[in-house]
2 protein chains.
Amino acid sequence: MAFVYEYARPSVTVDCVIFGLDDDGLKILLIQRDAEPFEGGWALPGGFVEMGESLDQAAMRELQEETGVHEVFLEQLYTFGEVNRDPRTRVITVAYYALVNLKDHKVEAATDARAAAWFELDDLPTLAFDHDKILQMAQERLQGKVRYQPIGFELLPEKFSLRQLQRMYEIVLGRSLDKRNFRKKALSLGVLEDLNEVERDVSHRAARLYRFDREKYQQLVKDGFNFEL
Amino acid sequence: MAFVYEYARPSVTVDCVIFGLDDDGLKILLIQRDAEPFEGGWALPGGFVEMGESLDQAAMRELQEETGVHEVFLEQLYTFGEVNRDPRTRVITVAYYALVNLKDHKVEAATDARAAAWFELDDLPTLAFDHDKILQMAQERLQGKVRYQPIGFELLPEKFSLRQLQRMYEIVLGRSLDKRNFRKKALSLGVLEDLNEVERDVSHRAARLYRFDREKYQQLVKDGFNFEL
DNA sequence: ACAAAAGTGTTGAACGTACACCCATGC
DNA sequence: GCATGGGTGTACGTTCAACACTTTTGT
């Protein structure tokens, strides 16, 4: 198409910061690059946006290709467009972040040829390109958003105990919370469905299990309610 | 450069939602298109990202070209990449929003050939492309952010009265606020510098003037303080 | 019986909300 | 003197923060 401009134009990619939570804490998925630049280095999974797909679709496709997961929380983070962020040529990347729980979804670290691995957030290798900046912004977004939007549930299995919920908040926010106050607040929001079930195979008193009630949440939002903490 | 990919690639533009506040309320700046598609229609100011400039730089440049302003608040909003959002070809646009006050800066509606005009937010023409969607998201972002970040000051002149400050919040948030509570809260934050000056040329008792103290704000943030309303 | 985590209430402080009148100034 | 907006305080209810012990269950 000649209508627009015939000048050189930037390439556009998507990159995904994939957060996963398990018993060890919060992790992110990195892939090992098999080509220059940064060959052998670790980077966020990502790739070029194709002409026939939207940005969201491109991010979902990459996520699927790299991890095998689908139907997970995925949201655009920010677009990075510094001129020299890629040493080869001009590349603008639209960054996304995803939240998955590592228990429910059996996340395949990689379905394509490249090595991939989960890294603890406090034990990361050096990242390629400006991916450390992207990761940092993703962490800030997650910390900021988890407090006023019910996205934290995406990091937990479908059924969870209040202890697990609290632990998730403590890990994401990076500080400890008071148990009694947390339970009071969490239950008072009215979006936790008591499943009348308890944990199994634990070597101590079993905790009640809850589920996040999406419909109730939507209803409350419609009535002008504000989720917080 | 042949390193990356030789396939067709999307074009990348920036578009700016420019909010301006004056006595009539909150307005945005639109330009009238002088080419197909949507020739003669109103659209957000914007243009192609050049190879030698970052996204922020591209947005600043467009802003300058369209309005003559510089040194204003400008922040990335979201990137829109639906496949058919531009009927000609694949165009991904990185949207920004800017906040200016229409008193301090004498905003030139346009320095290039195209017509441009300020529109009241509740009296807008139909917009080209998906610009109504972009505008809507910008409004939501502004409403959400003004409450926990001191960006509202960007819509006011350097020196302002508490009444002006309250009016700005009322306009942005779309609801009225209690005068005494607002003043108490605003002053208690400790980021308003009392200039020991009063309004001039008003036909009633003159109000004290204040200035937003950026340094004090930075200091408080460093000490772990949270701006809110 | 002991280890481990589940579960539960109260109090004081801080904050948000609702509300009405007098004051200063310009015309 | 009147119209316009400037400026101020209090009381109540709600929410947040701090804090420790008993119960249940598995080993």
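Computed from heavy atoms alone, side chains included, the values below leave out hydrogens, waters and symmetry copies. Just so we're on the same page: letters track the sequence lines, and every chain starts at 1. Bear in mind the structure is a predicted one, so any value in this text is a computation, not a measurement.
Around the NZ atom of A/K216, the shell of radius 6.0 Å holds no more than 12 heavy atoms that belong to other residues, nucleotides or ligands. Taking a 6.0 Å sphere around NZ of B/K159, one finds it holds 12 or fewer heavy atoms contributed by other residues, nucleotides or ligands.
Each of A/D178 and B/S203 was assigned the nucleotide of DNA chain D with the nearest heavy atom; the assignment lying further toward the 5' end belongs to B/S203. Where A/N181 and A/E199 each meet DNA chain C at their nearest nucleotide, the meeting point lying more 5' is that of A/E199.
A salt bridge links B/E158 to B/R211: at least one charged side-chain nitrogen sits closer than 4.0 Å to a carboxylate oxygen. Between A/E154 and A/R214 there is a salt bridge, since a side-chain N of the basic residue sits under 4.0 Å from a carboxylate O of the acidic one.
Residues B/F73 and B/F153 place their aromatic rings such that the two centres sit no closer than 6.0 Å. B/F212 has its ring centre less than 6.0 Å from the ring centre of B/Y217.
Here D/dG6 presents its P atom at 11 Å from CG of B/L209, a figure rounded to the nearest Å. To the nearest angstrom, P of D/dT14 lies 18 Å from CD of A/E228. Separating the CZ atom of A/R208 from the C1' atom of C/dT8 is a distance of 14 Å, rounded to the nearest angstrom. For the pair A/E170 CD and C/dA5 C1', the interatomic distance rounds to 14 Å; values are reported in whole Å. The interatomic distance linking A/R147 (CZ) with D/dT15 (P) rounds to 17 Å, in whole Å. To the nearest angstrom, P of D/dG7 lies 20 Å from NZ of B/K185. We find that CG of A/D194 is positioned 15 Å from P of C/dA6, with the value rounded to whole Å. The CZ atom of B/F182 sits 16 Å away from the C1' atom of D/dT8 (whole-angstrom rounding).
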Within the sub-3.5 Å range, which N or O atoms of nucleotides 21-23 of chain D have a protein N or O partner, and how far apart are they?
from: D/dT23; atom 1: O2; to: A/R205; atom 2: NH1; distance (Å): 3.0

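Listed candidates were C/dA5, D/dG6, D/dG26. Nearest to the side chain of A/H204 is C/dA5.
Residue A/K184 has no polar side-chain atom (N or O) positioned under 4.0 Å from OP1 or OP2 of C/dT8. An OP1 or OP2 oxygen of D/dG7 is reached within less than 4.0 angstrom by a side-chain nitrogen or oxygen of B/R183. Contact annotation: B/R163 reaches the phosphate of D/dG6 (side-chain N/O to OP1 or OP2, under 4.0 Å).
Ring geometry for A/H131 versus A/F129: interplanar angle of 30 to 60°, hence tilted.
In the interface, the side chain of B/R180 is paired with the base of C/dA20 through a donor and an acceptor atom under 3.5 Å apart.
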